[in-house]
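These notes are about the structure you will find just below.
Residue numbers start from 1 in every chain, and the chains themselves are labelled A, B, ... in the order their sequence lines are given, proteins ahead of strands.
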Amino acid sequence: MNTITIDTIGQYEGETVTLSGWLVHKRSSGKVRFLVMRDGTGIAQVTLVKSEMDEKHFERYDSLTLESSIMVTGVVKKDDRAPGGYEILASQLNILQIAEEYPIAPKEHGVGFLLDHRHLWLRSSKQHAVLRIRHTVIQAARRFFDDRGFILLDAPIMTPVACEGTTTLFKTDYFEEQTAYLSQSGQLYMEAGAMAFRKVYCCGPTFRAEKSKTRRHLTEFWMIEPEVAFADLPDIMELTESLIVTIVKEVLSSNREELRTLGRDVSKLEVIESPFESLSYDRAVRVLRNEGVPFEWGKDFGGSDETLISGRFEKPVFIHRYPASSKPFYMKNDPEKSGVVLCMDLLAPEGYGEIVGGSAREEDPEILCQKLNDAGLSPETFSWYLDLRKYGSVPHAGFGMGIERTVAWICGIPHVRETIPFPRLLQRLYP
RNA sequence: UCCCCAGUAGCUCAGUUGGCAGAGCAGAUGGCUGUUAACCAUCGGGUCCGCGGUUCGAGUCCGUGCUGGGGAGCCA
C-alpha cells in the first residue's frame, strides 16, 4: 500500500494506494456512491461499491459533509467517466474529522461573502489556479535575477520617512516618541545596495494608505524591485522586457492546467515576445489627441487613457520620458529635453494598464537636493540617501514590477484582489 | 474625498399599484448499482440592514445613518 498524492496518481494504475485529503463533493446512487476529494495537489473521484467493500467503511459515507477530512484506500483505475481520467475503487474509508456545515457552496456567491471567507475560498479550484500562477510568477522573476548575477537584498518594511514623498503612508508607533512608516517601496534602499553590490533586487510587500477603490489597487501589495549601477534608461527597459517575456513563457510551460481552469485565452500570452513597442510620453499624448481625448500635456495618464493606448498593441508597451511634474523627486532629468525625466512605465495589454514603473535615478547631489526641495521634502531627513551621491556617485537605474497586476493580467482576471492570498483593501482587513 | 448601485432564509436572488414573506441551491429524512453542480419525494429554515416619518396598513414611499460593491482621482 502506497500513500500518494493525486498529482502522481497516473503512475499507480492497478495498484492499491491511500489518498488523504478533503471532500469536495458527493453523489450517491444507492449502492454505488461517489465522492470527489482534493488533496492540495489535485482532484480525484473515489467510487464506493457496496458489494466490493467492507460494509462498515461503506456506511461511513453517509456521515460525510463537505470539506470533511478523510483517508481513502483503494485501487487506481483508469476511467474516462472520472474527472482527471483516474478514479479510486475504494476498499477503506477513514474519517479524520466530520466538517461543520461548510459555508461555500459550489454555486455562485457574492464578492463580499467570498472575501469574508477568504481563508476557505483559497480551497476552490479557481483560487488554487490563480495562486499557483502567482507562485510561478515570483519564482520565475527571482530566478531571472539570480541567473543574471543579482543579489537578493531585503528592504526594510518599517521606515523612518516616505520613500516617494507623495503617497499616503501607514503610520505605527515605534516605541516611545518615534513613528515608523510602512514601506511603500524598497527602491531607495536598493539604490544603496546597488552602490555596494552593483546589481540587486528585493521582493516583498509594500503599503500605501490610499483610499483607492479600483480593480487595480490593494493597500498591501508585492513588488519586485531591481536596481543596477552603471545602467541607464534603455538598459532597464531591456531588462524589463526580458523579465516579462521570461515570466510569461514560464507560466505557459508550467501552468497550462491552471490557465485552462481559468478559461484564459492562451493565444494572448503566446504572442508575448521581444521586442515590445515603445512610445514617448509626447507621442502617447498625440495618440490620445488623435483619438479625440482632450489631453493636457504635463498630466499623468488615467485608467481610460492607459486602456486606450495599450489597446492599440497586443504586447505590453513602454511609455517613457514623462513630465517631471507628474513624477517623484529621484528621477533623473532628460538632458535632451527640459521638464522631462528619464522614466518608463510598462502597460500590459487587454486594458490591464501599468505593471512596471522605473527610471534612471538622479546622481548629481545638487540637482537631487533641489528636487527634494521642489517636492517639499527636507534634505535632512534624506541625508543617508544623499550620501550615496557623495561617495562615488554613478549613473544607475531600476524599476518595480507589481506582482498582483502582473498575475491578474496573465490570469486574465478582472480584479487584483484574487491574485494575493489575503488581500488588504480600503474597507477590508479581515481575515 | 466625490459620483453611481445594492442590502429580503446559511448562499444567490424574486417580490406587481402600498394589502397574508417567496423560489432555486445548501441542510435534514427516505429512495435509487455509474454519478459528473446527479435525480425523485418529504421536512425545517426570516430582526425584509438600523433609526425616524407618511399611511387604516410599509419589504415596497420619504428622510437619515451604517455596511458592501462599481467607478473617478492617485498609483504598481
Side-chain angles (χ1 to χ4, degrees), chain A residues 24-36 43-53 58 61-63 65-67 77 79-84 87 89 99-117 120 124-125 163-164 166-168 184-187 205-225 240 299-307 322 326-328 344-348 352-358 399-409 414-417 419-420 425-428 430:
Chain A
V24 174
H25 203 68
K26 60 188 241 188
R27 289 180 287 268
S28 170
S29 169
K31 297 188 176 68
V32 178
R33 296 169 171 182
F34 304 91
L35 55 83
V36 178
I43 287 185
Q45 174 164 280
V46 178
T47 311
L48 296 87
V49 179
K50 191 174 186 179
S51 57
E52 295 188 34
M53 69 187 290
F58 182 77
Y61 173 95
D62 290 331
S63 63
T65 54
L66 234 52
E67 289 299 322
K77 297 175 70 178
D79 193 321
D80 292 337
R81 290 170 295 187
E87 64 175 24
L89 179 61
E100 290 181 31
E101 191 179 329
Y102 192 63
I104 299 181
K107 294 266 183 176
E108 342 108 54
H109 291 286
V111 173
F113 178 83
L114 288 169
L115 287 173
D116 284 343
H117 295 86
L120 303 176
S124 69
S125 59
C163 282
E164 304 204 0
T166 48
T167 40
T168 326
Q184 56 181 329
S185 163
Q187 182 204 312
T206 52
F207 307 86
R208 299 198 184 169
E210 272 159 3
K211 302 205 167 179
S212 306
K213 280 183 64 179
T214 80
R215 67 185 63 207
R216 300 211 265 259
H217 286 87
L218 297 165
T219 55
E220 176 177 321
F221 67 97
W222 282 58
M223 275 204 290
I224 192 155
E225 297 177 276
T240 300
K299 295 184 76 175
D300 209 344
F301 300 119
S304 58
D305 304 321
E306 285 187 358
T307 303
Y322 282 68
S326 68
K327 291 291 174 185
M344 58 87 174
D345 284 353
L346 183 71
L347 307 186
Y352 280 91
E354 187 180 352
I355 55 171
V356 171
F399 65 84
M401 182 187 84
I403 301 287
E404 289 76 17
R405 287 185 179 180
T406 303
V407 173
W409 161 54
H415 202 299
V416 292
R417 66 189 160 212
T419 65
I420 185 165
L425 298 153
L426 178 57
Q427 302 288 2
R428 190 170 293 278
Y430 176 92

> With sequence neighbours left out, what residues match A:R33 under side-chain contact (heavy atoms from CB on, under 4.5 Å)?
Replying inline: A:S28, A:L48, A:F58, A:Y61, A:D62
>> Can you tell me the base-pairing partner of B:C2? Count Watson-Crick or G-U wobble geometry only, both distances below 3.5 Å, and say none if there is no partner.
In response: B:G71
>> Taking B:C66 as the reference, what is the distance to B:U47 when you measure between their C1' atoms (whole Å, please)?
In response: 16 Å
> Which one is paired to B:A41, where only Watson-Crick or G-U wobble pairs with both distances under 3.5 angstrom count?
Replying inline: B:U29
>> In whole Å, measure the gap between the P atoms of B:C49 and B:C11 for me.
In response: 13 Å
> Out of B:G69, B:C74, B:A76, which has the shortest distance to the side chain of A:E210?
Replying inline: B:C74
> Excluding sequence neighbours, so at least two apart, what forms ring-ring contact (aromatic ring centres under 6.0 Å, His included) with A:F113?
Replying inline: A:H109, A:H117
> For A:K211 and B:U1, is the shortest distance between a side-chain N/O and OP1 or OP2 below 4.0 Å?
Replying inline: yes
>> With rounding to the nearest 0.5 angstrom, report the CG to CD distance, A:D300 to A:E354.
In response: 7.5 Å
>> Rounding to an integer number of angstrom, what distance separates B:G73 and B:U54 when you compare their C1' atoms?
In response: 40 Å
> Whole-Å distance between B:G69 P and A:L115 CG?
Replying inline: 7 Å
>> Under the rule for side-chain hydrogen bond (donor to acceptor under 3.5 Å, both in side chains), what residues qualify as partners of A:T307, not counting sequence neighbours?
In response: none
>> Taking any heavy-atom pair under 4.0 Å as a contact, classify A:V36: base, sugar-phosphate, or nothing.
In response: nothing
>> Could you tell me the Watson-Crick or G-U partner of B:C11, where both distances fall under 3.5 Å? Say none if there is no partner.
In response: B:G24
>> It should be established whether A:R33 places a side-chain nitrogen or oxygen under 4.0 Å from OP1 or OP2 of nucleotide B:C32.
In response: no
> Starting at the 5' end of RNA chain B and moving along, which residue's nearest nucleotide shows up first, A:E220 or A:D79?
Replying inline: A:D79
> P atom, B:G46 versus B:G22: distance in rounded Å?
Replying inline: 13 Å
> Any idea which heavy atoms bring A:L426 and A:T219 closest together, and the distance?
Replying inline: N-CG2, 4.0 Å
>> Please report the distance, rounded to the nearest Å, between CZ in A:R81 and P in B:U33.
In response: 15 Å
> Any N or O donor-acceptor pair linking the side chain of A:S28 to the base of B:C32 at under 3.5 Å?
Replying inline: yes
> Now, which nucleotide makes the Watson-Crick or G-U wobble pair with B:C61, with each of the two distances under 3.5 Å?
Replying inline: B:G53
> Does a distance-only test, which skips hydrogens and angles, find a donor-acceptor pair under 3.5 Å between the side chain of A:H217 and the base of B:C75?
Replying inline: yes
> Where do A:E225 and A:G186 come nearest, in terms of heavy atoms and distance?
Replying inline: OE1-N, 2.8 Å
>> Using atom C1' in both nucleotides, what's the gap between B:G59 and B:C25 to the nearest angstrom?
In response: 22 Å
> At under 4.0 Å between heavy atoms, what does A:G353 touch on the DNA or RNA strands: base, sugar-phosphate, or nothing?
Replying inline: nothing
>> If you only use heavy atoms from C-beta on, which nucleotide in B:C75, B:G34, B:G70 is closest to the side chain of A:V32?
In response: B:G34
>> Using the side-chain heavy atoms of A:E87, tell me which of these nucleotides is nearest: B:G69, B:G34, B:C11.
In response: B:G34
> For A:H415 and B:A76, what is the distance between atoms NE2 and P respectively, to the nearest whole Å?
Replying inline: 18 Å
> Within the structure shown, what part of the strands sits under 4.0 Å from A:T406 by heavy-atom distance: base, sugar-phosphate, or nothing?
Replying inline: nothing
> NZ of A:K213 versus P of B:A6: gap in Å, rounded?
Replying inline: 14 Å
> Out of B:U33, B:G69, B:U12, which nucleotide sits closest to the side chain of A:F113?
Replying inline: B:U12
>> I want to verify a distance call: between B:C11, B:G34, B:G69, whose nearest atom is closest to the A:H109 side chain?
In response: B:C11
> Partners of A:T214 by side-chain hydrogen bond (donor to acceptor under 3.5 Å, both in side chains), sequence neighbours excluded?
Replying inline: A:H217
> Quick one: side-chain hydrogen bond (donor to acceptor under 3.5 Å, both in side chains) partners of A:Q45, sequence neighbours excluded?
Replying inline: A:R27, A:E87
> So what does A:Q45 touch, heavy atoms closer than 4.0 Å: a base, only the sugar-phosphate, or nothing?
Replying inline: base
> How far apart are the closest heavy atoms of A:G353 and A:E306, and which atoms are they?
Replying inline: CA-OE1, 3.3 Å
>> Would the base of B:C75 count as contacting A:S212 through its side chain, where contact means a donor and an acceptor less than 3.5 Å apart?
In response: no
> How many Å lie between CZ on A:F399 and P on B:A76, as a whole number?
Replying inline: 14 Å
> Which part of the nucleic acid does A:K50 contact within heavy-atom distance under 4.0 Å: base, sugar-phosphate only, or nothing?
Replying inline: nothing
>> Please report the distance separating the C1' of B:G10 from the corresponding atom of B:U60, rounded so that it comes out in whole Å.
In response: 25 Å
> Pick one: which of A:I355, A:V416, A:I420, A:T419 meets side chain to side chain contact (heavy atoms under 4.5 Å, CB included) with A:V407?
Replying inline: A:T419
Identify all pairs in which a protein N or O lies below 3.5 Å from an N or O of nucleotides 42-46 of chain B, and state each distance.
none

> Between B:C75 atom C1' and A:D305 atom CG, what is the distance in whole Å?
Replying inline: 14 Å
> With respect to the side chain of A:R417, which nucleotide from B:G69, B:G73, B:C75 is positioned closest?
Replying inline: B:G69
> Considering residues at least two apart in sequence or located in another chain, which fulfil the side-chain hydrogen bond (donor to acceptor under 3.5 Å, both in side chains) criterion with A:R216?
Replying inline: none
>> I'd like to check, for A:F221, whether its ring lies over the base of B:A76 with centroids under 5.5 Å apart and a plane angle smaller than 30°.
In response: yes
>> Let me confirm one number: the CG-CG distance from A:L89 to A:D79, rounded to the nearest 0.5 Å.
In response: 10.0 Å
> Using atom P of each nucleotide, how far apart are B:C40 and B:G45 to the nearest Å?
Replying inline: 23 Å
> For nucleotides 23-28 of chain B, read 5' to 3', which letter fits each nucleotide if B means a protein heavy atom sits under 4.0 Å from the base, S means only the sugar-phosphate is that close, and - means neither?
Replying inline: --SSS-
> Can you name the residues that form a ring-ring contact (aromatic ring centres under 6.0 Å, His included) with A:F301, not counting sequence neighbours?
Replying inline: A:Y281, A:F295, A:Y322
> With a 3.5 Å cut-off and just heavy-atom distances, do the side chain of A:R216 and the base of B:C74 make a donor-acceptor pair?
Replying inline: no
> B:G34 P sits how many Å from A:K77 NZ, rounded?
Replying inline: 13 Å
>> Tell me the interatomic distance from A:M223, atom CE, to B:C75, atom P, rounded to whole angstroms.
In response: 13 Å
>> Need to verify one output field. Residue with the more 5' nearest nucleotide on RNA chain B, A:G112 or A:I403?
In response: A:G112
>> By nearest atom, which of the nucleotides B:C75, B:C32, B:G68 is closest to the A:R428 side chain?
In response: B:G68
